[in-house]
Amino acid sequence: MSKQPAKTLFITGSSSGLGRATARVFSSKGWNVIATMRAPEKEAELGKLPGVVLLGLDITDKRQIEAAAARAVEMGEVDVVFNNAGYGLAGPLEGTTDEQILRIVDTNLLGTIRTTKAFIPHFRKKRSGLFINTTSIGGLVAVPFNSLYHATKWALEGWGESMAFELNQLGIGMKTVSPGGMKTDFFTRSFDVGRHADYDALVSKVMGVITDPKRMETYSTPGQIAEVVYEAATDGKDQLRYVAGADAKATYAARLQLGDEAFRKAIGQQFFGSA
């Protein structure tokens with residue numbers, strides 16, 4: 001019997017964090033990996049892994065997305081697209097600039113939508129393929145002073161759920177991985193802040209809770225979340241949502257158990273001492 005050709009994964013946001021860890025995991029499992037990032041010429045490690053090819057991609061540039069998708073398909077059949085690129089934006093809405101608002105929507109939401117759209121024709125023609133989108137526990141629950149981040153992640157959750165119906169009719173899958181906290185340099189590398197003096201004390205209180213060392217000890221490593229991505233890619237289940245990480249699972253379970261309003265009041269109590 002001839003050996004089955006290795007499957008291929010296309011990843012956005014591969015230069016660090018979850019994207020980087022996912023490239024490593026899939027490479028170790030014998031997959032081909034097309035790892036995209038804005039500056040592949042600066043990457044010294046991933047390109048040396050078995051089956052990994054680096055490709056330049058700025059997820060906010062529609063033309064680059066289309067070019068990267070076309071290049072990936074030229075290399076051979078793509079089996080899974082992992083829409084992972086994204087970043088965080090915290091602070092009061094009043095303290096954010098229009099440029100910040102447009103950037104997070106372009107990156108977290110439109111980047112995923114456009115990348116998906118670019119690969120649908122390839123998957124539709126072969127009536128197979130899978131999209132996996134990184135959302136967040138922040139796409140299922142909300143905390144103070146992260147409204148724009150939540151806006152993009154809640155949008156991805158709803159968009160993905162609707163798209164799953166649409167694509168399933170064509171033999172194409174769509175899943176979401178919703179991680180909790182991860183032990184990365186996210187708060188220094190992939191985090192932006194809107195500032196307004198009238199909110200500084202409140203923001204400091206909230207960020208103090210979020211970045212509390214005891215809280216951060218409960219966070220998962222990128223490798224642990226990457227294993228969930230691999231599970232979603234290979235388990236063959238008709239399952240949309242994979243809540244990833246012990247902290248995320250506990251938080252989401254609490255919301256489902258308490259109900260929306262009681263959970264919202266509990267969050268208010270946690271951050272501000274009152275609902």
Side-chain angles (χ1 to χ4, degrees), residues 12-13 15-19 37-39 57-62 65 83-115 133-160 176 178-213 215-216 218-219 222 245 247-248 251-252 255 260 263-275:
T12 65
S15 62
S16 57
L18 177 56
M37 58 195 71
R38 282 178 292 183
L57 175 58
D58 179 347
I59 204 69
T60 66
D61 188 322
K62 180 176 177 287
I65 291 171
N83 287 309
N84 170 70
Y87 76 103
L89 172 61
L93 180 62
E94 194 177 356
T96 57
T97 65
D98 198 56
E99 288 75 18
Q100 286 175 310
I101 295 169
L102 290 173
R103 179 175 174 242
I104 196 167
V105 172
D106 273 348
T107 304
N108 289 8
L109 181 59
L110 293 182
T112 293
I113 291 173
R114 286 169 172 160
T115 301
N133 308 315
T134 298
T135 57
S136 168
I137 187 60
L140 301 170
V141 306
V143 298
F145 295 118
N146 282 263
S147 63
L148 292 170
Y149 178 74
H150 288 308
T152 59
K153 294 300 187 177
W154 282 59
L156 280 178
E157 289 282 357
W159 171 79
T176 66
S178 309
M182 278 187 281
K183 297 174 182 176
T184 69
D185 57 352
F186 180 81
F187 287 107
T188 56
R189 170 188 48 78
S190 299
F191 204 71
D192 195 6
V193 179
R195 290 186 171 87
H196 191 293
D198 288 349
Y199 298 87
D200 281 351
L202 290 171
V203 171
S204 293
K205 182 181 288 189
V206 169
M207 293 307 296
V209 174
I210 291 174
T211 60
D212 179 82
R215 184 189 187 104
M216 296 184 79
T218 69
Y219 291 174
D247 62 322
T251 300
Y252 191 48
R255 181 177 188 124
D260 290 349
F263 181 82
R264 180 182 62 82
K265 291 177 181 177
I267 291 291
Q269 181 71 33
Q270 179 183 10
F271 286 98
F272 299 126
S274 66

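On a predicted model such as this, the values are computed, not experimentally measured, just so you know.
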* Structure fact -> When every non-hydrogen atom of P179 is compared with those of L18, the smallest separation belongs to CG-CD2, 4.5 Å
* **R195 CZ: over 12 foreign heavy atoms closer than 6.0 Å** => no
* **Closest heavy-atom pair and its distance - T251, F263** => O-CE1, 3.7 Å
* Non-neighbouring partners of D260 that pass side chain to side chain donor-acceptor pair (under 3.5 Å), sequence neighbours left out -> R255
* How far does CZ of F271 sit from CD of Q269, to the nearest 0.5 angstrom? -> 12.0 Å
* Is it true that a side-chain atom of W154 and a backbone atom of G138 form a donor plus acceptor pair closer than 3.5 Å? -> yes
* Structure fact -> To the nearest 0.5 Å, atom CE of M207 lies from atom CD1 of I210 at 5.0 Å
* Asked: CG of L89 to CD1 of I101: how many Å apart, nearest 0.5 Å?
  -> 8.0 Å
* List for me each residue that meets side chain to side chain contact (heavy atoms under 4.5 Å, CB included) alongside R103, sequence neighbours excluded, and say none if there are none. => Y87, T107, D192
* **L93 CG to H196 NE2 distance, which is reported to the nearest 0.5 Å** => 10.5 Å
* Sequence-distant partners of T152, side chain to side chain donor-acceptor pair (under 3.5 Å), two or more places apart -> N108
* **Euclidean distance, S136 OG relative to H150 NE2, rounded to 0.5 Å** => 7.5 Å
* Asked: Can you tell me how far OG1 of T97 sits from CG of L102, rounded to the nearest 0.5 angstrom?
  -> 8.5 Å
* When you measure from the side chain of T112 to the backbone N and O of N83, does any donor-acceptor pair fall under 3.5 Å? -> no
* To do: State which residues pass side chain to side chain donor-acceptor pair (under 3.5 Å) with T115; sequence neighbours excluded, sorted by chain then number.
  => none
* To do: Give the minimum heavy-atom separation between E157 and T135, together with the two atoms involved.
  => OE2-OG1, 2.6 Å
* Structure fact -> Correct closest heavy-atom pair for T96 and Q100 would be CA-OE1, 3.3 Å
* Indicate the atoms forming the closest heavy-atom contact of G194 with P92, along with that distance. => O-CD, 3.3 Å
* Asked: D58: what forms a side chain to side chain donor-acceptor pair (under 3.5 Å) with it, not counting sequence neighbours?
  -> T60
* Structure fact -> Nearest heavy-atom contact between I267 and P144 is CG2-CD, 4.2 Å
* Is it true that the side chains of S178 and Y252 contain a donor and an acceptor less than 3.5 Å apart? -> no
* Donor-acceptor pair, N146 side chain versus Y149 backbone, under 3.5 Å? -> no
* To do: Would you please test R114 and I59 for side-chain contact (heavy atoms from CB on, under 4.5 Å) and show each step?
  => CA-CA 9 Å; R114 286 169 172 160; I59 204 69; over 6 Å; no
What donor-acceptor contacts under 3.5 angstrom involve side-chain atoms of residues 199-206, with partners at least two apart or in another chain?
residue, atom, partner, partner atom, Å
Y199, OH, E94, OE1, 2.5
S204, OG, D200, O, 3.0

